[in-house]
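Just so we're on the same page: letters track the sequence lines, and every chain starts at 1. Please read all numbers here as calculations on a predicted model, not as lab measurements.
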2 protein chains.
Amino acid sequence: MGFALLGLLAQEPLSGYDLKLRMERRVGNFWSAGHSQIYPELARLEGEGMVEHRVVEQQDRPDKKVYTITDTGLHELKEWVTAPVEPGVVRDELVLKAYSVWLADPEKAVTLFRDQQRLHKEQLLRYEEIGAWMEEEWGEDLYRLDSPRFAIYATLQRGISYERGYTEWCAWLAYRLESGVRGGGARA
Amino acid sequence: MGFALLGLLAQEPLSGYDLKLRMERRVGNFWSAGHSQIYPELARLEGEGMVEHRVVEQQDRPDKKVYTITDTGLHELKEWVTAPVEPGVVRDELVLKAYSVWLADPEKAVTLFRDQQRLHKEQLLRYEEIGAWMEEEWGEDLYRLDSPRFAIYATLQRGISYERGYTEWCAWLAYRLESGVRGGGARA
DNA sequence: TAACCCATGTAAACGGTTACATGATTTC
DNA sequence: GAAATCATGTAACCGTTTACATGGGTTA
């Protein structure tokens, strides 16, 4: 989790509250955390010398602690980025449901998977819109390997490929459920 | 987690150890659990009347408890299968790394993503082989909506679409990293 | 004889979610 | 006057992972 915060702070100094807002919107669409995780984690990172903060006083709003990544933190983050990853476990409740779909009423199952197809399709369209916006607004930056915009665009591409795959799978399964056969009857 | 166990027990009675073996191989490729989670969970499910067990004595091996799903358990499982799902958070360490890849040495990053591409490609090929085997061996069953084989095949299809998408994304990113530009230089 | 498989459990640690807690300012 | 935003924290709970624990039988 700490590296998600460091990844954000490597781009710009932010308060815990700012980080919370960005983490709720899902960092790179593939991570998230609530504020109750963020504040203690910032304290931990500061204890390890990865970040430091200064208090910024505000008139109309509560004062805030603005965190900055340190050289140590930046170094650790860089090391971590290219360090090998062990394959993590993927957990997906819908796929687990699919595993027992043979027990279900096919009509209800169709409803479930068509609904999910629609939701993932909507998310796909949102991602594609954002992608088009980035291409227009950020242009050449998307090809600069040392630009954060390139990295943000890269994670968005994974979002697009993920949602496209998910949508297609839902559609495939819903179609099979609609046109399939129950019981010992033959196909064709 | 309980529904993963119920889903397996709906197909056939199994011991805790049998369940452990199947859960390690990832139920439907999208769930897993260790034995330390399974045994207490089975006790909980039995307490709720979802499963029951009888002790099977063996000569050459330790005795075992074989669990069977009850009518209650089967009913609960059926209800759950078509119940709506709240969109869960996807956490992917590699995508989180991609989010900070602009800080990294591009050569090291290429190594990371090419390695991951290869791993996901290999998994894809394994899945596709299994799929081809199922189509050959299970034939018409893959079209019978009330056959467990249909459901297993359906989850495998998600595995295939997932690994294909992942492989393509890794390839896309690695390619960009190989051919990309560093610093303020223009593209083309 | 050492390692591995079968078989079943408990305990500690860890990470994440939900709930508790406070308080000022601004918008409806 | 009520609700939402800004801002920061703690505490309890829950699910998962790792480690501890035992013990007989088989294979290399």
Side-chain angles (χ1 to χ4, degrees), chain A residues 1-6 8-9 13-27 30-48 51-67 80 85-93 96, chain B residues 1-6 8-9 13-27 30-48 51-67 80 85-93 96:
Chain A
M1 225 287 290
F3 290 111
L5 298 178
L6 290 177
L8 286 162
L9 293 174
L14 294 166
S15 70
Y17 189 77
D18 294 329
L19 286 163
K20 181 205 114 185
L21 293 178
R22 281 161 180 74
M23 293 290 274
E24 275 171 357
R25 282 160 186 269
R26 299 191 173 89
V27 180
F30 284 88
W31 210 267
S32 74
H35 78 279
S36 65
Q37 230 188 326
I38 291 167
Y39 291 115
E41 186 71 15
L42 282 169
R44 209 212 73 205
L45 288 170
E46 190 153 45
E48 291 177 1
V51 302
E52 48 191 34
H53 81 271
R54 68 206 149 79
V55 176
V56 174
E57 285 167 41
Q58 298 180 119
Q59 293 81 19
D60 49 348
R61 305 178 179 293
D63 297 352
K64 59 180 175 179
K65 297 180 179 176
V66 174
Y67 287 85
W80 169 80
V85 288
E86 345 74 88
V89 191
V90 185
R91 283 203 176 77
D92 189 317
E93 199 188 345
L96 191 62
Chain B
M1 226 285 290
F3 291 111
L5 298 178
L6 290 178
L8 286 162
L9 292 175
L14 294 165
S15 70
Y17 189 77
D18 293 330
L19 286 163
K20 181 206 114 187
L21 294 177
R22 280 160 180 76
M23 292 290 273
E24 274 172 357
R25 282 162 187 269
R26 298 191 173 89
V27 181
F30 283 88
W31 210 267
S32 74
H35 78 279
S36 64
Q37 230 187 326
I38 292 167
Y39 291 114
E41 187 70 16
L42 282 170
R44 208 212 74 207
L45 289 171
E46 189 154 46
E48 290 177 1
V51 302
E52 47 191 33
H53 82 271
R54 69 206 148 81
V55 177
V56 173
E57 285 167 41
Q58 298 181 120
Q59 292 82 16
D60 50 347
R61 305 177 178 296
D63 296 352
K64 60 180 175 179
K65 296 181 181 177
V66 174
Y67 287 84
W80 169 79
V85 289
E86 344 74 272
V89 190
V90 186
R91 283 202 176 79
D92 189 317
E93 200 188 345
L96 190 62

Protein-nucleotide distance ([X], atom [atom1]; [N], atom [atom2]), rounded to Å:
X: B/Asp63; N: C/dC6; atom1: CG; atom2: P; value: 16 Å
X: A/Ile38; N: C/dT18; atom1: CD1; atom2: P; value: 14 Å
X: B/Asp18; N: C/dC6; atom1: CG; atom2: P; value: 9 Å
X: A/Lys20; N: C/dT18; atom1: NZ; atom2: P; value: 14 Å
X: B/Leu21; N: C/dC6; atom1: CG; atom2: P; value: 6 Å
X: B/Arg91; N: C/dG16; atom1: CZ; atom2: C1'; value: 6 Å
X: A/Met1; N: C/dT17; atom1: CE; atom2: P; value: 10 Å
X: B/Leu19; N: C/dA7; atom1: CG; atom2: P; value: 12 Å

* To do: Tell me, yes or no, whether the heavy-atom count around A/Gln58 atom CD, taken from other residues, nucleotides or ligands under 6.0 Å, exceeds 12.
  =>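 Atom CD in A/Gln58 is crowded, with more than 12 foreign heavy atoms closer than 6.0 Å.
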* If you pin B/Ser32 and A/Gln37 to their nearest nucleotides in DNA chain D, which one's is more 5'? ->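 It is A/Gln37, whose closest nucleotide lies nearer the 5' terminus.
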* With sequence neighbours left out, what residues match A/Tyr17 under side-chain contact (heavy atoms from CB on, under 4.5 Å)? ->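 If we apply the side-chain contact (heavy atoms from CB on, under 4.5 Å) test to A/Tyr17, skipping adjacent residues, the hits are A/Ser15, A/Lys20, A/Leu21, A/Tyr39.
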* A/Pro13: side-chain contact (heavy atoms from CB on, under 4.5 Å) partners, not counting sequence neighbours ->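 So A/Pro13 forms a side-chain contact (heavy atoms from CB on, under 4.5 Å) with A/Val66, A/Thr68.
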Indicate yes or no: at least one non-hydrogen side-chain atom of [X] is less than 4.5 angstrom from one of [Y].
X: A/Leu19; Y: A/Leu42; answer: yes
X: B/Leu9; Y: B/Val51; answer: yes
X: A/Met23; Y: A/Leu8; answer: yes

* To do: Compute the angle between the rotation axes at the two ends of the helix from C/dT1-D/dA28 to C/dC28-D/dG1, each taken over five pairs, rounded to 10 degrees.
  =>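 Inter-axis angle at the termini of the helix from C/dT1-D/dA28 to C/dC28-D/dG1: 30°.
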* Nucleotides bounding contact with chain B, strand DNA chain D, heavy-atom threshold 4.0 Å ->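 Footprint of chain B along DNA chain D, 5' to 3': D/dT16 to D/dT26.
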* Partner set under ring-ring contact (aromatic ring centres under 6.0 Å, His included) for B/His53, not counting sequence neighbours ->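 ring-ring contact (aromatic ring centres under 6.0 Å, His included) list for B/His53, sorted by chain: B/Tyr67.
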* Whether A/Arg54 side chain and A/Lys65 backbone form a donor-acceptor pair below 3.5 Å ->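 Checked: no pair found.
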* Name all residues meeting the side chain to side chain donor-acceptor pair (under 3.5 Å) criterion together with B/Glu93; count only those two or more places apart in sequence or in a different chain, and write none if there are none. =>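 Residues passing side chain to side chain donor-acceptor pair (under 3.5 Å) with B/Glu93: A/Trp80.
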* First encountered from the 5' end of DNA chain C, between A/Gly34 and B/Lys64 ->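 The residue mapped nearer the 5' terminus is B/Lys64.
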* Asked: Pairs in or reaching into residues 31-42 of chain B: which pass salt bridge (Lys or Arg N to Asp or Glu O under 4.0 Å), with residues at least two apart or in two chains?
  ->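 As it turns out, the salt bridge (Lys or Arg N to Asp or Glu O under 4.0 Å) pairs with a partner in residues 31-42 of chain B, which skip direct neighbours, are B/Glu41-B/Arg44.
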Look for any protein N or O under 3.5 Å of an N or O in nucleotides 25-28 of chain C and output each such pair with its distance, or none.
unit_1	atom_1	unit_2	atom_2	d
C/dT25	O3'	A/Asp60	O	3.3

* Test salt bridge (charged side-chain N to carboxylate O under 4.0 Å, His left out) applied to A/Arg22 - qualifying residues, sequence neighbours left out ->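 For A/Arg22 the salt bridge (charged side-chain N to carboxylate O under 4.0 Å, His left out) partners, ignoring immediate neighbours, are A/Glu12.
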* Mind checking B/Lys65 for me? I need base, sugar-phosphate or nothing, with any heavy atom below 4.0 Å counting as a touch. =>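 Since only primed, P, OP1 and OP2 atoms lie under 4.0 Å of B/Lys65, the category is sugar-phosphate.
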